[in-house]
Amino acid sequence: MGRVNVMIPWLGDEEIEAVASVIRSGWVAQGPRVAAFEEAFATAMDAAHAVATSNCTTALHLALVVAGVEQGDEVVVPSFSFIATANAPTYVGAIPVFADVEAATGNVTVETIAAALTDRTRAVIVVDQGGTPVDLDPIRALCDPRGITVIEDAACGAGSRYKGRPVGAGAELTAWSFHPRKVLTTGEGGMLTTSRPEWAARARRLREHSMSVSAADRHSELVSAPEVYEEVGFNYRMTDLQAAVGIVQLGKLRAMVERRREIASAYAAAIATIPGLRLLTDPAHGTCNFQSLWVEIGDEYPLNREELLLTLADEGISARRGIMAAHRQPPYAGGPSIRGALPVTERLTERTLILPVYHQLSEEDQRSVIDVLLAPAAVPAHG
Ligand SMILES: *Cc1c(COP(=O)(O)O)cnc(C)c1O
């Protein structure tokens with residue numbers, strides 16, 4: 001019996017050839033491929049500017065720096081997210097303040113954000129959780145007049161759409177991840193997209209030690225001008241090896257999302273007949289790439305989440321517990337980031353399970369997952 005993973009990246013000969021050609025070229029650090037990937041990504045995501053980074057966490061850090069978030073400021077974030085969303089504000093000395101999410105999408109809403117704002121709120125990080133588009137427009141309508149910058153954490157969002165445009169296109173700053181758990185991967189990697197040229201220029205310098213002359217420019221001259229280090233910067237560069245993979249992956253994004261959506265529809269058709277299971281679906285305001293397709297296990301279902309995970313594992317199927325809740329982790333539990341109850345976050349983190357979805361998932365393997373969901377009692381239960 002083969003093993004069914006929760007996710008497998010879709011990489012092949014084209015990516016291998018792209019990496020080989022970078023190695024043959026002799027230019028492997030941030031150089032011409034990174035510039036080409038940035039341009040292609042900006043076009044695909046309907047963004048004015050794109051700055052490649054080492055990962056999404058560093059892109060979020062740069063977003064907060066260029067937005068002017070400082071020591072003592074508050075940044076409203078969902079607890080229901082990978083912990084990097086909450087950690088990024090702490091890198092600039094700010095306090096992440098947790099907002100709850102809605103059950104339908106697992107995302108923050110204008111109401112949950114409004115409940116967490118104070119006079120000290122300087123920015124909000126909204127997340128397209130698992131690739132489900134966040135309803136951004138009302139959140140910007142709330143925050144913009146108050147001078148609060150809305151940053152979109154679209155780590156999971158490549159290929160998802162909001163009101164007919166790529167997610168992230170409506171935010172002033174959007175951070176992306178190319179970790180293998182996401183739909184589009186470069187091994188490790190990230191991107192910051194922005195509508196503001198001055199923020200793009202500063203982020204571009206900051207990711208490279210705030211050098212006044214980029215390494216790419218310096219190396220293309222025989223004798224270059226002396227550089228100045230304008231402020232304390234970082235090394236958040238991407239390599240040309242990664243960018244070459246990213247360019248190939250970007251070309252496959254449409255096909256990857258189509259395939260994931262087919263898989264999601266097949267799950268939806270089966271799960272609609274199962275009392276006690278609720279599957280994530282497209283919200284009215286957009287479409288999902290189904291980077292993470294989660295199911296909520298209700299009281300009417302014969303097993304709880306942990307029992308269902310073990311039952312699936314017995315059949316060689318690796319599902320995952322749902323999205324984490326950052327407010328329960330040691331850096332934040334019992335601390336100043338928790339201002340009110342987070343009931344929906346707690347319910348979803350306890351009761352959801354992420355189903356296997358990946359490009360190469362065969363119909364037969366998906367059928368074996370569905371069979372367990374349909375008849376969990378037929379499989380030996382754990383005590
Ligand atoms: C994966 C993820 C991140 C972190 O991305 P890295 O590229 O691994 O730094 C941040 N936010 C969310 C919502 C994520 O899912």
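Quick caveat: nothing in here was measured; it's all calculated off a predicted structure. Both ligands and their constituent atoms are indexed starting at 1 by order of listing. Along the sequence shown, residues are numbered consecutively beginning with 1.
- Taking any N or O of C56, backbone or side chain, at least one lies under 3.5 Å from an N or O belonging to ligand 1.
- Side-chain contact check for N55 and Y236: no donor-acceptor pair (N or O, by modelled atom type) lies under 3.5 Å.
- Looking only at atom types and distance, the side chain of Q242 has no donor-acceptor partner in the side chain of E188 under 3.5 Å away.
- Using a 4.0 Å cut-off between a side-chain N of Lys or Arg and a carboxylate O of Asp or Glu, E231 and R202 qualify as a salt bridge.
- Counted within 6.0 Å of CD on E300, heavy atoms from surrounding residues, nucleotides or ligands total more than 12; the atom is thus considered enclosed.
- Remark: ligand 1 atoms within the under-4.0 Å shell around heavy atoms of T57 are 4 (C), 6 (P), 9 (O).
- Remark: distances from the non-hydrogen atoms of S81 to ligand 1 include one below 4.0 Å.
- Checking H327 against E346 by side-chain atom types alone, a donor-acceptor pair falls below 3.5 Å.
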* Could you check E152 against R140 for salt bridge (charged side-chain N to carboxylate O under 4.0 Å, His left out), going step by step and ending with a plain yes or no? => CA-CA 11 Å; E152 190 163 339; R140 285 210 58 182; over 6 Å; no
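- In the model, D282 has no side-chain atom that pairs as donor or acceptor with a side-chain atom of T287 under 3.5 Å.
- Annotation: atom 7 (O) of ligand 1 to nearest protein heavy atom, S177 OG, 2.7 Å.
- Close approach to V127 involves these atoms of ligand 1, each under 4.0 Å from a residue heavy atom: 13 (C).
- Residue contact annotation: R181 has no non-hydrogen atom under 4.0 Å from ligand 1.
- Among all non-hydrogen protein atoms, the one lying nearest atom 15 (O) of ligand 1 is K182 NZ, 2.6 Å.
- Every atom of ligand 1 with a heavy atom of T85 under 4.0 Å away is listed here by number and element: 11 (N), 13 (C).
- Protein heavy atom in closest approach to atom 11 (N) of ligand 1: D153 OD2, 2.8 Å.
- Near C156, with a cut-off below 4.0 Å to any heavy atom, the atoms of ligand 1 are 15 (O).
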